[in-house]
2 protein chains.
Amino acid sequence: MTEITKLQSACSQCNLQELCLPIGLSEAELSLVDSLVDERRKIARGEAIFRSGDRFTAIYAVKLGFFKTEVLSEDGRHQVTSFYMPGEVLGMDGISAETHHCDAIALEDSEVCLIPFHELETISVKIPTMQRHLHRVMSREIVRDQGMMMMLGAMRAEERVIAFLLNLSQRYAARGYAAADFNLRMTREEIGSYLGLKLETVSRTFSHLQEEGLLQVEKKHIRLMDAAKLKKMLSQEGIGR
Amino acid sequence: MTEITKLQSACSQCNLQELCLPIGLSEAELSLVDSLVDERRKIARGEAIFRSGDRFTAIYAVKLGFFKTEVLSEDGRHQVTSFYMPGEVLGMDGISAETHHCDAIALEDSEVCLIPFHELETISVKIPTMQRHLHRVMSREIVRDQGMMMMLGAMRAEERVIAFLLNLSQRYAARGYAAADFNLRMTREEIGSYLGLKLETVSRTFSHLQEEGLLQVEKKHIRLMDAAKLKKMLSQEGIGR
DNA sequence: CGGCAATTTGAAGACGCTCAAGCAATGTGG
DNA sequence: CCACATTGCTTGAGCGTCTTCAAATTGCCG
């Protein structure tokens with residue numbers, strides 16, 4: 001890893017800082033963090049950062065690109081459990097048993113910052129702000145998962161698809177991208193797996209929402225034509241299962 | 001809170017220690033933890049430890065009894081996201097936004113140990129073992145949630161029910177109770193909500209498994225007649241949805 | 001002991017799945 | 001550079017699982 005890469009990867013210079021590290025650290029603290037995050041890694045589309053069973057050593061902040069995580073059960077079944085975009089942190093499933101429990105796979109050519117976890121714990125002792133932040137990031141993942149369970153357990157197909165699109169929209173917006181006009185990085189099958197639906201159902205739902213004039217779908221390109229109405233459909237629709 | 005209650009609540013005396021705190025702390029460290037966990041609280045059946053929107057101040061270790069957590073969406077819908085038994089820790093959803101995102105409700109008269117979270121963070125700085133443990137407990141929750149998503153997204157009704165029963169069984173066993181013979185603390189409706197099914201479906205599935213001779217169900221009393229076969233049904237059955 | 005909650009069971013219907021075919025876009029090798 | 005294979009997506013038809021609605025029974029809390 002060249003010196004130039006090291007400079008590039010400095011957290012103190014990163015435009016994702018506010019998403020990744022939540023709030024202001026002092027300059028001295030930031031330079032401590034810089035020394036912690038010393039490696040940046042390129043992951044080609046389709047490649048994994050880690051796989052289920054790999055020894056856990058670090059967590060990863062997405063610098064560029066897009067990832068999915070996927071769990072596999074004993075039999076062949078697998079399910080997408082999350083998508084990650086720049087500024088989001090993945091790999092925390094590995095902490096509990098020092099072993100990862102899912103695969104983290106790049107959906108496009110991507111880059112991640114590698115954060116050695118035990119060093120992070122050490123630094124957290126010196127910087128209470130950092131410790132608090134770590135706890136919040138972990139807790140946010142727990143809250144997100146709870147929302148996911150809610151979706152999988154209580155929503156019908158159309159609602160799940162809408163919730164998925166609105167969630168993406170909001171995350172793009174938080175990154176300064178258009179909220180109502182974006183490209184999907186994942187296939188219909190991956191969306192289906194994530195939402196607990198078959199890919200045909202996802203496709204049909206897209207078509208249906210398009211007929212209603214709520215959406216424009218052209219391959220991977222999505223345009224939300226009436227986000228307000230979509231939101232209403234989420235909170236008003238039938239009680240589901 | 002009387003002195004006697006304080007003595008009773010000492011972590012150093014607690015028989016759930018190994019489940020709640022994972023591994024050995026020194027005596028000095030244990031007494032630090034004792035001074036942290038200074039309050040024990042009784043929660044009557046049906047009462048909440050905290051509710052969605054409550055300010056987050058502490059996490060809670062179940063000392064005695066049984067709890068569910070439940071999230072509510074804007075519309076009336078609600079879903080059980082977890083059940084907790086003695087030795088398990090709940091409330092970590094509140095860390096991220098200093099606010100709880102679910103209700104924690106006692107399914108029977110219960111007792112919890114209250115662990116003030118910011119004091120826990122402070123102590124973690126002094127006891128690295130404690131910090132590691134906290135991180136593991138949080139991570140375990142993340143892993144558990146991923147398994148839950150897998151279940152909700154990829155399993156059919158019968159499999160979900162079986163997975164639920166086997167999970168309970170295993171947790172009872174870990175506490176020294178019979179693995180194949182236990183009482184459900186929750187209603188069919190709560191089980192259904194947790195599993196993303198209607199209560200009628202849960203009931204029918206119980207009946208069906210009983211006809212097959214795999215289970216004996218008498219109201220809340222469950223007896224697993226062939227745990228091995230049940231396990232097989234989980235890993236071999238159809239690909240589901 | 002009464003009233004209400006929880007559970008069981010049946011019958012009918014809906015939603016999403018399975019299977020299948022066709023098409024478009026992309027990539028590969030001759 | 002074109003033929004061919006591959007992958008991803010759409011759409012249709014039929015079917016199965018789980019839900020919905022309904023009623024009867026049981027058990028428990030006050």
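All values below come from the heavy atoms of this structure, side chains included, with hydrogens, waters and symmetry mates left out.
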inquiry  = If I take atom CD in residue B:E218 and atom P in nucleotide D:dC28, what distance separates them, rounded to the nearest angstrom?
reply    = 10 Å
key: Between C:dG16 (P) and A:L195 (CG): distance, integer Å   = 12 Å
key: Protein-nucleotide distance (B:R77, atom CZ; D:dT19, atom P), rounded to Å   = 14 Å
Proximal nucleotide (of C:dG16, D:dC18, D:dT10) relative to the A:A157 side chain = C:dG16
inquiry  = Let me spell it out: for each of B:R45 and B:V202, pick the nucleotide of DNA chain D with the closest heavy atom. Which residue's pick is nearer the 5' end?
reply    = B:V202
request  = Using whole Å, report how far CZ of A:R156 lies from C1' of C:dG16.
outcome  = 10 Å
key: A:S82 versus A:T69, side-chain donor and acceptor atoms under 3.5 Å   = no
query = Under 3.5 Å, is there a donor-acceptor pair linking the side chains of B:D103 and B:H78?
reply = no
request  = Specify the separation, in whole Å, of atom CD of B:E158 and atom P of D:dT19.
outcome  = 14 Å
message = Of the listed nucleotides (C:dT7, D:dC18, D:dC9), which one gets closest to any side-chain atom of B:T201?
response = D:dC18
Side-chain N,O (B:S207) to OP1/OP2 (C:dT9) below 4.0 Å = yes
message = Looking only at the side chains, is there a donor atom on one of A:H101 and B:Q146 sitting less than 3.5 Å from an acceptor on the other?
response = no
ask   = What's the CG-P distance between B:L199 and D:dT20, to the nearest Å?
value = 10 Å
ask   = Are A:R204 and D:dT10 close enough that a side-chain N or O sits under 4.0 Å from OP1 or OP2?
value = no
key: Phosphate-side-chain proximity, B:K220 and D:dC28, N/O vs OP1/OP2 below 4.0 Å   = no
ask   = Does OP1 or OP2 of D:dT26 have a side-chain N or O of B:K219 closer than 4.0 Å?
value = no
task = Could you check how far CD1 of B:I222 sits from P of C:dT7, rounded to whole Å?
result = 11 Å
key: Among D:dT20, C:dA20, D:dC18, the one nearest A:E200 by side-chain distance   = C:dA20
message = Against A:F182, only a single residue in A:Y177, A:Y172, A:F66 fulfils ring pair (Phe, Tyr, Trp, His ring centres under 6.0 Å); can you say which?
response = A:Y172
ask   = Taking the six-membered ring of A:Y194, is NZ or CZ of A:R188 closer than 6.0 Å to its centre and within 45° of its axis?
value = no
request  = Specify the separation, in whole Å, of atom NE2 of B:H221 and atom P of C:dT7.
outcome  = 16 Å
message = OP1 or OP2 of C:dA6 versus the side-chain N and O atoms of B:R188: is any pair under 4.0 Å?
response = no
